[in-house]
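Written out below as C-alpha coordinates is the structure these notes cover.
Side chains included, hydrogens not; waters and symmetry mates left out as well; all remaining heavy atoms used.
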Amino acid sequence: MKKSLLPLAFGTLALGVAEFVIMGILPDIAQGLNISIAKAGHLISAYALGVCIGAPMLVLVRKQPLKRVLLILAAIMAVGNVGASLAPDYWTMLFARLVSGLPHGAYFGVASIVAEKLADKGKGAQAVSIMISGMTFANLIGVPAGTALSLYVSWRSTFLLAACWAFITYVFISRWVPQVDPMPDNGFKGQFRFLKTLAPWMILTATMLGNGGVFCCYSYINPLLTQVAGFSSSRITYLMILAGLGMVIGNLVGGRMSDRFTPGRVAASAQGMICLVLTGMFFFATNPFLAVLCMCLCTTGLFAVSTPQQVLIIRYAKGGELLGAACVQVAFNLGNALGAYVGGLPLEAGKGYQYPALLGVPFAFFGFLVLLAFSYKFERK
(Lines give C-alpha, C1' and ligand atoms only; values in the text may rest on other atoms or scores of the structure.)
Protein backbone atom coordinates (compact mmCIF):
# COMPACT_ATOMS: atom_id res chain seq x y z
CA MET A 1 0.00 0.00 0.00
CA LYS A 2 1.33 3.43 -0.93
CA LYS A 3 2.12 5.73 1.99
CA SER A 4 0.41 8.61 0.19
CA LEU A 5 -2.97 6.84 0.53
CA LEU A 6 -2.79 6.76 4.33
CA PRO A 7 -3.49 10.49 4.92
CA LEU A 8 -6.57 10.14 2.72
CA ALA A 9 -7.78 7.36 5.01
CA PHE A 10 -6.98 9.53 8.05
CA GLY A 11 -9.42 12.12 6.73
CA THR A 12 -12.26 9.65 6.30
CA LEU A 13 -11.49 8.35 9.79
CA ALA A 14 -12.05 11.85 11.20
CA LEU A 15 -15.25 12.17 9.21
CA GLY A 16 -16.37 8.72 10.33
CA VAL A 17 -15.95 9.57 14.01
CA ALA A 18 -17.86 12.84 13.55
CA GLU A 19 -20.69 11.18 11.62
CA PHE A 20 -21.15 7.82 13.32
CA VAL A 21 -20.17 8.37 16.96
CA ILE A 22 -23.39 10.27 17.62
CA MET A 23 -25.39 7.04 17.14
CA GLY A 24 -23.66 5.49 20.16
CA ILE A 25 -23.92 8.55 22.41
CA LEU A 26 -27.32 9.90 21.37
CA PRO A 27 -28.91 9.34 24.82
CA ASP A 28 -25.99 11.16 26.51
CA ILE A 29 -26.35 14.16 24.21
CA ALA A 30 -30.11 14.20 24.72
CA GLN A 31 -29.65 14.22 28.48
CA GLY A 32 -26.90 16.85 28.36
CA LEU A 33 -28.93 19.23 26.21
CA ASN A 34 -32.20 18.39 27.97
CA ILE A 35 -34.00 17.17 24.84
CA SER A 36 -35.70 13.91 23.79
CA ILE A 37 -33.82 11.13 21.99
CA ALA A 38 -36.05 11.63 18.94
CA LYS A 39 -35.15 15.36 18.86
CA ALA A 40 -31.47 14.53 19.32
CA GLY A 41 -31.82 12.46 16.15
CA HIS A 42 -32.19 15.77 14.30
CA LEU A 43 -28.48 16.35 14.98
CA ILE A 44 -27.81 13.41 12.66
CA SER A 45 -29.97 15.08 10.01
CA ALA A 46 -28.14 18.42 10.49
CA TYR A 47 -24.80 16.76 9.68
CA ALA A 48 -26.35 15.21 6.58
CA LEU A 49 -27.71 18.59 5.51
CA GLY A 50 -24.20 20.02 5.83
CA VAL A 51 -22.95 17.32 3.48
CA CYS A 52 -25.60 18.24 0.92
CA ILE A 53 -24.68 21.93 1.10
CA GLY A 54 -20.92 21.44 1.06
CA ALA A 55 -20.51 18.95 -1.80
CA PRO A 56 -21.82 21.15 -4.66
CA MET A 57 -19.47 23.93 -3.53
CA LEU A 58 -16.62 21.89 -5.07
CA VAL A 59 -17.43 23.51 -8.40
CA LEU A 60 -16.16 26.79 -6.92
CA VAL A 61 -12.68 25.34 -6.27
CA ARG A 62 -12.46 23.08 -9.33
CA LYS A 63 -9.39 24.98 -10.63
CA GLN A 64 -7.47 24.63 -7.36
CA PRO A 65 -4.81 21.93 -6.80
CA LEU A 66 -6.50 18.93 -5.21
CA LYS A 67 -4.05 18.81 -2.29
CA ARG A 68 -4.91 22.40 -1.35
CA VAL A 69 -8.62 21.57 -1.40
CA LEU A 70 -8.02 18.60 0.91
CA LEU A 71 -6.20 20.83 3.39
CA ILE A 72 -9.05 23.36 3.44
CA LEU A 73 -11.58 20.59 4.06
CA ALA A 74 -9.51 19.12 6.91
CA ALA A 75 -9.42 22.53 8.58
CA ILE A 76 -13.22 22.86 8.38
CA MET A 77 -13.56 19.39 9.95
CA ALA A 78 -11.56 20.56 12.97
CA VAL A 79 -13.54 23.79 13.36
CA GLY A 80 -16.93 22.07 13.18
CA ASN A 81 -16.09 19.44 15.79
CA VAL A 82 -14.58 21.99 18.17
CA GLY A 83 -17.87 23.88 17.89
CA ALA A 84 -19.84 20.72 18.70
CA SER A 85 -17.72 20.04 21.77
CA LEU A 86 -18.39 23.55 23.12
CA ALA A 87 -22.08 23.92 22.14
CA PRO A 88 -24.08 25.26 25.12
CA ASP A 89 -27.55 24.44 23.78
CA TYR A 90 -29.50 22.47 21.18
CA TRP A 91 -29.53 25.15 18.46
CA THR A 92 -25.81 25.86 18.71
CA MET A 93 -25.15 22.13 18.56
CA LEU A 94 -27.41 21.86 15.51
CA PHE A 95 -25.38 24.56 13.72
CA ALA A 96 -22.06 22.96 14.73
CA ARG A 97 -23.21 19.65 13.30
CA LEU A 98 -24.16 21.43 10.07
CA VAL A 99 -20.64 22.91 9.82
CA SER A 100 -19.09 19.51 10.64
CA GLY A 101 -20.92 18.01 7.68
CA LEU A 102 -19.86 20.65 5.13
CA PRO A 103 -16.50 19.04 4.20
CA HIS A 104 -17.76 15.43 4.22
CA GLY A 105 -19.02 14.90 0.67
CA ALA A 106 -16.45 17.26 -0.81
CA TYR A 107 -13.61 15.40 0.92
CA PHE A 108 -14.80 12.03 -0.38
CA GLY A 109 -15.10 13.47 -3.86
CA VAL A 110 -11.61 14.94 -3.93
CA ALA A 111 -9.98 12.03 -2.09
CA SER A 112 -11.57 9.48 -4.47
CA ILE A 113 -10.04 11.23 -7.47
CA VAL A 114 -6.64 11.56 -5.75
CA ALA A 115 -6.70 7.87 -4.72
CA GLU A 116 -7.40 6.73 -8.28
CA LYS A 117 -4.62 8.98 -9.62
CA LEU A 118 -2.16 7.53 -7.08
CA ALA A 119 -3.25 3.90 -7.63
CA ASP A 120 -1.34 1.28 -9.58
CA LYS A 121 -2.92 0.21 -12.85
CA GLY A 122 -5.92 -2.09 -12.39
CA LYS A 123 -6.20 -1.35 -8.67
CA GLY A 124 -8.28 1.80 -8.71
CA ALA A 125 -11.17 0.29 -6.73
CA GLN A 126 -8.79 -1.05 -4.08
CA ALA A 127 -7.17 2.39 -3.76
CA VAL A 128 -10.59 3.96 -3.26
CA SER A 129 -11.42 1.27 -0.69
CA ILE A 130 -8.19 2.14 1.20
CA MET A 131 -9.33 5.77 1.29
CA ILE A 132 -12.78 4.70 2.52
CA SER A 133 -11.20 2.31 5.04
CA GLY A 134 -10.64 5.24 7.37
CA MET A 135 -14.41 5.46 7.75
CA THR A 136 -14.60 1.78 8.66
CA PHE A 137 -11.72 2.00 11.15
CA ALA A 138 -13.46 5.00 12.65
CA ASN A 139 -16.28 2.65 13.50
CA LEU A 140 -13.94 -0.10 14.64
CA ILE A 141 -11.72 2.09 16.86
CA GLY A 142 -12.77 5.74 16.85
CA VAL A 143 -16.48 5.34 17.56
CA PRO A 144 -15.97 2.86 20.46
CA ALA A 145 -13.30 5.16 21.88
CA GLY A 146 -15.67 8.11 21.54
CA THR A 147 -18.48 6.11 23.13
CA ALA A 148 -16.22 5.21 26.05
CA LEU A 149 -15.18 8.86 26.44
CA SER A 150 -18.83 9.86 26.57
CA LEU A 151 -19.55 7.21 29.18
CA TYR A 152 -16.59 7.90 31.47
CA VAL A 153 -15.79 11.58 30.78
CA SER A 154 -18.31 13.57 28.74
CA TRP A 155 -19.94 13.45 25.33
CA ARG A 156 -18.22 16.79 24.63
CA SER A 157 -14.81 15.13 24.83
CA THR A 158 -15.93 12.78 22.06
CA PHE A 159 -16.27 15.62 19.57
CA LEU A 160 -12.98 17.07 20.78
CA LEU A 161 -11.39 13.74 19.84
CA ALA A 162 -12.77 14.11 16.30
CA ALA A 163 -11.38 17.65 16.11
CA CYS A 164 -7.90 16.48 17.18
CA TRP A 165 -7.87 13.77 14.54
CA ALA A 166 -8.93 16.28 11.88
CA PHE A 167 -5.87 18.37 12.82
CA ILE A 168 -3.66 15.27 12.54
CA THR A 169 -5.17 14.66 9.09
CA TYR A 170 -4.20 18.20 8.04
CA VAL A 171 -0.59 17.62 9.09
CA PHE A 172 -0.24 14.27 7.32
CA ILE A 173 -1.87 15.46 4.09
CA SER A 174 0.54 18.39 3.98
CA ARG A 175 3.53 16.05 4.43
CA TRP A 176 2.70 12.83 2.58
CA VAL A 177 0.23 13.57 -0.23
CA PRO A 178 2.00 14.72 -3.41
CA GLN A 179 0.75 17.59 -5.52
CA VAL A 180 -2.02 16.43 -7.84
CA ASP A 181 -3.12 18.54 -10.78
CA PRO A 182 -6.70 19.84 -10.84
CA MET A 183 -9.22 17.97 -12.95
CA PRO A 184 -9.66 19.32 -16.52
CA ASP A 185 -11.91 22.34 -16.34
CA ASN A 186 -15.00 21.92 -18.51
CA GLY A 187 -16.53 25.15 -17.28
CA PHE A 188 -19.16 25.63 -14.63
CA LYS A 189 -21.99 24.07 -16.65
CA GLY A 190 -19.75 21.25 -17.82
CA GLN A 191 -19.41 20.00 -14.24
CA PHE A 192 -23.13 19.19 -14.20
CA ARG A 193 -23.42 17.72 -17.71
CA PHE A 194 -23.14 14.12 -16.50
CA LEU A 195 -26.49 14.55 -14.73
CA LYS A 196 -28.23 14.54 -18.12
CA THR A 197 -27.65 10.79 -18.40
CA LEU A 198 -29.56 8.02 -16.62
CA ALA A 199 -26.70 6.01 -15.07
CA PRO A 200 -25.57 8.57 -12.46
CA TRP A 201 -29.15 9.12 -11.30
CA MET A 202 -29.63 5.39 -10.81
CA ILE A 203 -26.42 5.20 -8.76
CA LEU A 204 -27.38 8.18 -6.61
CA THR A 205 -30.96 6.96 -6.12
CA ALA A 206 -29.80 3.51 -5.06
CA THR A 207 -27.30 5.06 -2.65
CA MET A 208 -29.93 7.26 -1.02
CA LEU A 209 -32.53 4.51 -0.70
CA GLY A 210 -30.10 1.84 0.47
CA ASN A 211 -28.49 3.99 3.13
CA GLY A 212 -31.85 5.38 4.17
CA GLY A 213 -32.95 1.85 4.98
CA VAL A 214 -29.85 1.14 7.05
CA PHE A 215 -30.03 4.39 9.00
CA CYS A 216 -33.69 3.93 9.86
CA CYS A 217 -32.38 1.23 12.17
CA TYR A 218 -28.76 2.21 12.88
CA SER A 219 -29.57 5.77 13.99
CA TYR A 220 -31.24 4.29 17.07
CA ILE A 221 -28.99 1.28 17.58
CA ASN A 222 -28.00 2.27 21.13
CA PRO A 223 -31.51 2.21 22.63
CA LEU A 224 -32.40 -0.85 20.53
CA LEU A 225 -29.52 -2.82 22.01
CA THR A 226 -30.08 -1.63 25.58
CA GLN A 227 -33.88 -1.45 25.81
CA VAL A 228 -34.92 -4.24 23.43
CA ALA A 229 -32.01 -6.70 23.26
CA GLY A 230 -31.25 -6.21 26.95
CA PHE A 231 -27.57 -5.19 26.92
CA SER A 232 -26.23 -2.89 29.64
CA SER A 233 -24.90 0.57 28.70
CA SER A 234 -21.37 -0.53 29.60
CA ARG A 235 -21.48 -3.15 26.80
CA ILE A 236 -22.28 -0.63 24.04
CA THR A 237 -18.61 0.24 23.47
CA TYR A 238 -17.75 -3.39 22.73
CA LEU A 239 -20.81 -3.82 20.52
CA MET A 240 -19.79 -0.75 18.50
CA ILE A 241 -16.41 -2.42 17.94
CA LEU A 242 -18.21 -5.42 16.44
CA ALA A 243 -20.26 -3.10 14.22
CA GLY A 244 -17.03 -1.41 13.10
CA LEU A 245 -15.43 -4.77 12.35
CA GLY A 246 -18.35 -5.53 10.06
CA MET A 247 -17.69 -2.26 8.21
CA VAL A 248 -13.99 -3.05 7.79
CA ILE A 249 -14.76 -6.48 6.36
CA GLY A 250 -17.50 -5.14 4.08
CA ASN A 251 -15.25 -2.39 2.70
CA LEU A 252 -12.35 -4.75 1.97
CA VAL A 253 -14.61 -7.31 0.32
CA GLY A 254 -16.46 -4.66 -1.70
CA GLY A 255 -13.21 -3.15 -3.01
CA ARG A 256 -11.62 -6.46 -4.02
CA MET A 257 -14.80 -7.85 -5.57
CA SER A 258 -15.35 -4.65 -7.56
CA ASP A 259 -11.94 -5.06 -9.25
CA ARG A 260 -12.71 -8.73 -9.91
CA PHE A 261 -16.39 -8.51 -10.91
CA THR A 262 -18.60 -5.60 -11.96
CA PRO A 263 -19.18 -2.98 -9.22
CA GLY A 264 -22.92 -2.85 -9.92
CA ARG A 265 -23.35 -6.57 -9.38
CA VAL A 266 -21.35 -6.43 -6.15
CA ALA A 267 -23.42 -3.49 -4.88
CA ALA A 268 -26.73 -5.16 -5.77
CA SER A 269 -25.75 -8.37 -3.98
CA ALA A 270 -24.78 -6.50 -0.81
CA GLN A 271 -27.95 -4.42 -0.93
CA GLY A 272 -30.08 -7.56 -1.22
CA MET A 273 -28.42 -8.91 1.93
CA ILE A 274 -29.27 -5.67 3.78
CA CYS A 275 -32.98 -6.15 3.01
CA LEU A 276 -32.94 -9.57 4.65
CA VAL A 277 -30.91 -8.37 7.64
CA LEU A 278 -33.24 -5.46 8.43
CA THR A 279 -36.20 -7.83 8.34
CA GLY A 280 -34.38 -10.15 10.72
CA MET A 281 -33.57 -7.26 13.05
CA PHE A 282 -37.27 -6.46 13.46
CA PHE A 283 -38.30 -10.02 14.23
CA PHE A 284 -35.30 -11.07 16.35
CA ALA A 285 -34.28 -7.85 18.15
CA THR A 286 -35.29 -9.31 21.52
CA ASN A 287 -32.69 -12.08 21.13
CA PRO A 288 -29.29 -10.59 22.15
CA PHE A 289 -27.19 -12.86 19.92
CA LEU A 290 -29.36 -12.43 16.81
CA ALA A 291 -29.69 -8.68 17.36
CA VAL A 292 -25.89 -8.28 17.39
CA LEU A 293 -25.50 -10.62 14.40
CA CYS A 294 -28.03 -8.58 12.39
CA MET A 295 -26.29 -5.35 13.37
CA CYS A 296 -22.89 -6.66 12.19
CA LEU A 297 -24.27 -8.02 8.91
CA CYS A 298 -26.04 -4.71 8.33
CA THR A 299 -22.83 -2.69 8.74
CA THR A 300 -20.95 -5.20 6.58
CA GLY A 301 -23.48 -4.70 3.79
CA LEU A 302 -23.44 -0.92 4.24
CA PHE A 303 -19.73 -0.69 3.36
CA ALA A 304 -19.69 -3.56 0.87
CA VAL A 305 -21.97 -1.26 -1.15
CA SER A 306 -19.97 1.92 -0.52
CA THR A 307 -16.80 1.33 -2.57
CA PRO A 308 -18.62 -0.02 -5.67
CA GLN A 309 -20.91 3.00 -5.66
CA GLN A 310 -17.97 5.41 -5.34
CA VAL A 311 -16.18 3.68 -8.23
CA LEU A 312 -19.30 3.60 -10.40
CA ILE A 313 -20.06 7.30 -10.10
CA ILE A 314 -16.50 8.21 -11.16
CA ARG A 315 -16.87 6.00 -14.23
CA TYR A 316 -20.29 7.38 -15.19
CA ALA A 317 -19.70 11.07 -14.41
CA LYS A 318 -17.40 11.93 -17.30
CA GLY A 319 -16.40 15.58 -17.24
CA GLY A 320 -17.74 16.04 -13.72
CA GLU A 321 -15.92 13.29 -11.81
CA LEU A 322 -15.11 15.55 -8.87
CA LEU A 323 -18.69 16.64 -8.36
CA GLY A 324 -20.02 13.16 -9.09
CA ALA A 325 -17.83 11.51 -6.46
CA ALA A 326 -19.02 14.11 -3.94
CA CYS A 327 -22.65 13.60 -4.96
CA VAL A 328 -22.50 9.96 -3.84
CA GLN A 329 -21.85 11.22 -0.33
CA VAL A 330 -24.71 13.70 -0.71
CA ALA A 331 -26.98 10.79 -1.61
CA PHE A 332 -25.54 8.74 1.26
CA ASN A 333 -26.28 11.48 3.76
CA LEU A 334 -29.69 12.31 2.30
CA GLY A 335 -30.45 8.67 3.01
CA ASN A 336 -28.90 9.12 6.45
CA ALA A 337 -31.12 12.13 7.18
CA LEU A 338 -34.22 10.50 5.73
CA GLY A 339 -33.56 7.29 7.64
CA ALA A 340 -32.99 9.09 10.95
CA TYR A 341 -36.23 11.04 10.48
CA VAL A 342 -38.39 8.14 9.32
CA GLY A 343 -36.89 5.82 11.93
CA GLY A 344 -37.87 8.31 14.64
CA LEU A 345 -41.55 8.39 13.60
CA PRO A 346 -42.59 5.10 15.26
CA LEU A 347 -40.65 6.12 18.39
CA GLU A 348 -42.60 9.37 18.62
CA ALA A 349 -45.77 7.28 18.24
CA GLY A 350 -44.74 5.16 21.23
CA LYS A 351 -43.61 2.03 19.34
CA GLY A 352 -40.61 -0.08 20.30
CA TYR A 353 -37.06 0.50 19.07
CA GLN A 354 -37.25 -2.48 16.68
CA TYR A 355 -39.83 -0.71 14.48
CA PRO A 356 -37.32 1.61 12.75
CA ALA A 357 -35.72 -1.51 11.22
CA LEU A 358 -39.08 -2.53 9.76
CA LEU A 359 -39.52 0.89 8.14
CA GLY A 360 -36.02 0.54 6.66
CA VAL A 361 -36.89 -2.61 4.70
CA PRO A 362 -38.80 -0.96 1.79
CA PHE A 363 -36.07 1.66 1.38
CA ALA A 364 -33.37 -1.02 1.15
CA PHE A 365 -35.50 -3.18 -1.15
CA PHE A 366 -36.11 -0.42 -3.69
CA GLY A 367 -32.39 0.44 -3.57
CA PHE A 368 -31.68 -3.21 -4.39
CA LEU A 369 -34.07 -3.11 -7.37
CA VAL A 370 -32.42 0.04 -8.76
CA LEU A 371 -28.94 -1.50 -8.51
CA LEU A 372 -30.19 -4.70 -10.13
CA ALA A 373 -31.67 -2.69 -13.02
CA PHE A 374 -28.46 -0.66 -13.32
CA SER A 375 -26.30 -3.78 -13.54
CA TYR A 376 -28.60 -5.31 -16.15
CA LYS A 377 -28.77 -2.17 -18.30
CA PHE A 378 -25.19 -0.85 -18.12
CA GLU A 379 -22.91 -3.75 -17.15
CA ARG A 380 -24.05 -6.66 -19.30
CA LYS A 381 -21.62 -5.54 -22.00
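Under the 4.5 Å side-chain heavy-atom criterion for grouping Ile, Leu, Val, Met, Phe, Trp and Tyr, Leu43 is not connected to Val79 through any hydrophobic cluster. Phe172 and Phe167 fall into different hydrophobic clusters, where Ile, Leu, Val, Met, Phe, Trp and Tyr side chains are chained together by heavy-atom contacts under 4.5 Å. Val153 and Ile29 fall into different hydrophobic clusters, defined by Ile, Leu, Val, Met, Phe, Trp and Tyr side-chain heavy atoms under 4.5 Å apart, directly or through other members. Met257 and Val248 fall within the same hydrophobic cluster, defined by Ile, Leu, Val, Met, Phe, Trp and Tyr side-chain heavy atoms under 4.5 Å apart, directly or through other members. One hydrophobic cluster, built from ILVMFWY side chains closer than 4.5 Å, cannot hold both Leu358 and Phe363; they sit in different ones.
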Going through the checks in order, is the side chain to side chain contact (heavy atoms under 4.5 Å, CB included) test met by Leu26 and Ile37? CA-CA 7 Å; Leu26 204 60; Ile37 290 180; 4.0 Å; yes
Show the numbers, then the answer: is there a side chain to side chain contact (heavy atoms under 4.5 Å, CB included) between Leu58 and Val61? CA-CA 5 Å; Leu58 273 179; Val61 294; 4.1 Å; yes
Leu245/Ile241 under side chain to side chain contact (heavy atoms under 4.5 Å, CB included): CA gap, chis, key distance, verdict: CA-CA 6 Å; Leu245 181 61; Ile241 292 175; 5.6 Å; no
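Within the 4.5 Å cutoff, side-chain heavy atoms of Arg315 are placed close to those of Pro263. At least one side-chain heavy atom of Leu334 sits less than 4.5 Å from a side-chain heavy atom of Cys52. In this structure the side chain of Ile113 never reaches within 4.5 angstrom of the side chain of Val110, judged on heavy atoms. Side-chain contact check for Val328 versus Phe108: every heavy-atom pair is 4.5 Å or farther apart. Taking the side chain as every heavy atom from C-beta outward, Tyr376 and Leu372 never approach each other to under 4.5 Å. In this structure, the side chains of Val128 and Glu116 come closer than 4.5 Å at one or more pairs of heavy atoms. Using a 4.5 Å heavy-atom threshold, the side chains of Met240 and Ile236 count as touching. Side-chain atoms of Leu160 and Asn81, non-hydrogen and from C-beta on, never get closer than 4.5 Å to each other.
Around the OH atom of Tyr316, the shell of radius 6.0 Å holds more than 12 heavy atoms that belong to other residues, nucleotides or ligands. Crowding of Phe366 atom CZ: a count of heavy atoms from other residues, nucleotides or ligands under 6.0 Å not exceeding 12. Other residues, nucleotides and ligands contribute over 12 non-hydrogen atoms within 6.0 Å of the CH2 atom of Trp176. For CD of Gln64, the number of neighbouring non-hydrogen atoms (other residues, nucleotides, ligands) closer than 6.0 Å is greater than 12.
Atom CG of Leu70 and atom CD1 of Ile173 lie 5.0 Å apart (nearest 0.5 Å). Rounded to the nearest 0.5 angstrom, Leu312 CG and Leu204 CG are separated by 10.5 Å. Residue Gln309 holds its CD atom at 9.5 Å from CD1 of Ile313, rounded to the nearest 0.5 Å. In this structure, Thr136 OG1 and Ile130 CD1 are separated by 11.0 Å, a value rounded to the nearest 0.5 Å. Once rounded to the nearest 0.5 Å, the distance linking CG of Leu322 with SG of Cys327 reads 10.0 Å.
Both tests hold for Lys39 against Tyr90: distance to the six-membered ring centre under 6.0 Å, angle to the ring axis within 45°.
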Going by atom type alone, with no hydrogens or angles, which donor-acceptor pairs under 3.5 Å involve a side-chain atom of residues 348-356 and a protein atom two or more places apart or on another chain?
none

Name each donor-acceptor pair under 3.5 Å that joins a side chain in residues 273-289 to protein atoms two or more places apart or in another chain, with its distance.
from: Thr279; atom 1: OG1; to: Cys275; atom 2: O; distance (Å): 3.0
from: Asn287; atom 1: OD1; to: Phe289; atom 2: N; distance (Å): 3.1
from: Asn287; atom 1: OD1; to: Leu290; atom 2: N; distance (Å): 3.1

Side-chain polar contacts of residues 292-303 - donor-acceptor pairs under 3.5 angstrom, sequence neighbours left out - could you list them?
from: Thr299; atom 1: OG1; to: Ala243; atom 2: O; distance (Å): 2.9
from: Thr299; atom 1: OG1; to: Met295; atom 2: O; distance (Å): 3.3
from: Thr299; atom 1: OG1; to: Cys296; atom 2: O; distance (Å): 2.9
from: Thr300; atom 1: OG1; to: Gly246; atom 2: O; distance (Å): 3.1
from: Thr300; atom 1: OG1; to: Cys296; atom 2: O; distance (Å): 2.8

Determine all donor-acceptor pairs shorter than 3.5 Å in which one atom belongs to a side chain in residues 7-22; sequence neighbours excluded.
from: Thr12; atom 1: OG1; to: Ala9; atom 2: O; distance (Å): 2.9
from: Thr12; atom 1: OG1; to: Met131; atom 2: O; distance (Å): 2.6
from: Thr12; atom 1: OG1; to: Gly134; atom 2: N; distance (Å): 3.4
from: Thr12; atom 1: OG1; to: Met135; atom 2: N; distance (Å): 3.3
from: Glu19; atom 1: OE2; to: Asn336; atom 2: ND2; distance (Å): 3.0

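Screening residues 132-163 for ring-ring contact (aromatic ring centres under 6.0 Å, His included), with sequence neighbours left out, gives no hits. Under the ring-ring contact (aromatic ring centres under 6.0 Å, His included) criterion, no residue pair touches residues 230-265, with sequence neighbours excluded. Residues in residues 91-113 take part in these side-chain hydrogen bond (donor to acceptor under 3.5 Å, both in side chains) pairs, two or more places apart or across chains: Tyr47-His104, Asp89-Thr92, His104-Gln329, Ser112-Gln310.
Residues satisfying the side-chain hydrogen bond (donor to acceptor under 3.5 Å, both in side chains) criterion with Ser157, sequence neighbours excluded, are absent altogether. The ring-ring contact (aromatic ring centres under 6.0 Å, His included) test applied to Phe332 returns Phe215, not counting sequence neighbours. In this structure Phe95 satisfies the side-chain contact (heavy atoms from CB on, under 4.5 Å) test together with Leu98, Val99, sequence neighbours excluded. Residues meeting the side-chain contact (heavy atoms from CB on, under 4.5 Å) test with Ala304, sequence neighbours left out: Ala270.
Under the 3.5 Å distance criterion, the side-chain polar atoms of Lys67 are matched with a main-chain donor or acceptor of Ser174. Distance alone, capped at 3.5 Å, places no donor-acceptor pair between the Gln191 side chain and the Val59 backbone. For Tyr220 (side chain) and Gly41 (main-chain N/O), no donor-acceptor pair under 3.5 Å exists by modelled atom type. A distance-only check finds no donor-acceptor pair linking the side chain of Gln271 to the backbone of Phe365 [under 3.5 Å]. One N or O on the side chain of Thr158 and one on the backbone of Gly146 form a donor-acceptor pair closer than 3.5 Å.
Of all the heavy atoms in Gly83 and Ala96, the pair that sits closest is C-CB, 3.6 Å. The shortest heavy-atom contact between Ser234 and Leu151 is CA-CD2, 4.2 Å. Nearest approach of Thr147 to Ile25, heavy atoms of both residues: CA-CG2, 3.9 Å. Closest non-hydrogen pair, Val177 versus Ser4, comes out as CG2-O, 3.8 Å. Pairing each heavy atom of Pro200 with each of Thr197, the nearest pair is CD-OG1, 3.1 Å. The minimum heavy-atom distance between Leu33 and Arg156, with the atom names listed, is CD2-NH2, 4.4 Å.
For Asn251 and Thr307, the side-chain atoms include at least one donor-acceptor pair closer than 3.5 Å.
Clustering of Ile, Leu, Val, Met, Phe, Trp and Tyr by side-chain heavy atoms under 4.5 Å joins Val82 with Leu86.
Under the 30°/60° scheme for interplanar angles, the aromatic rings of Phe374 and Phe378 are found to be tilted.
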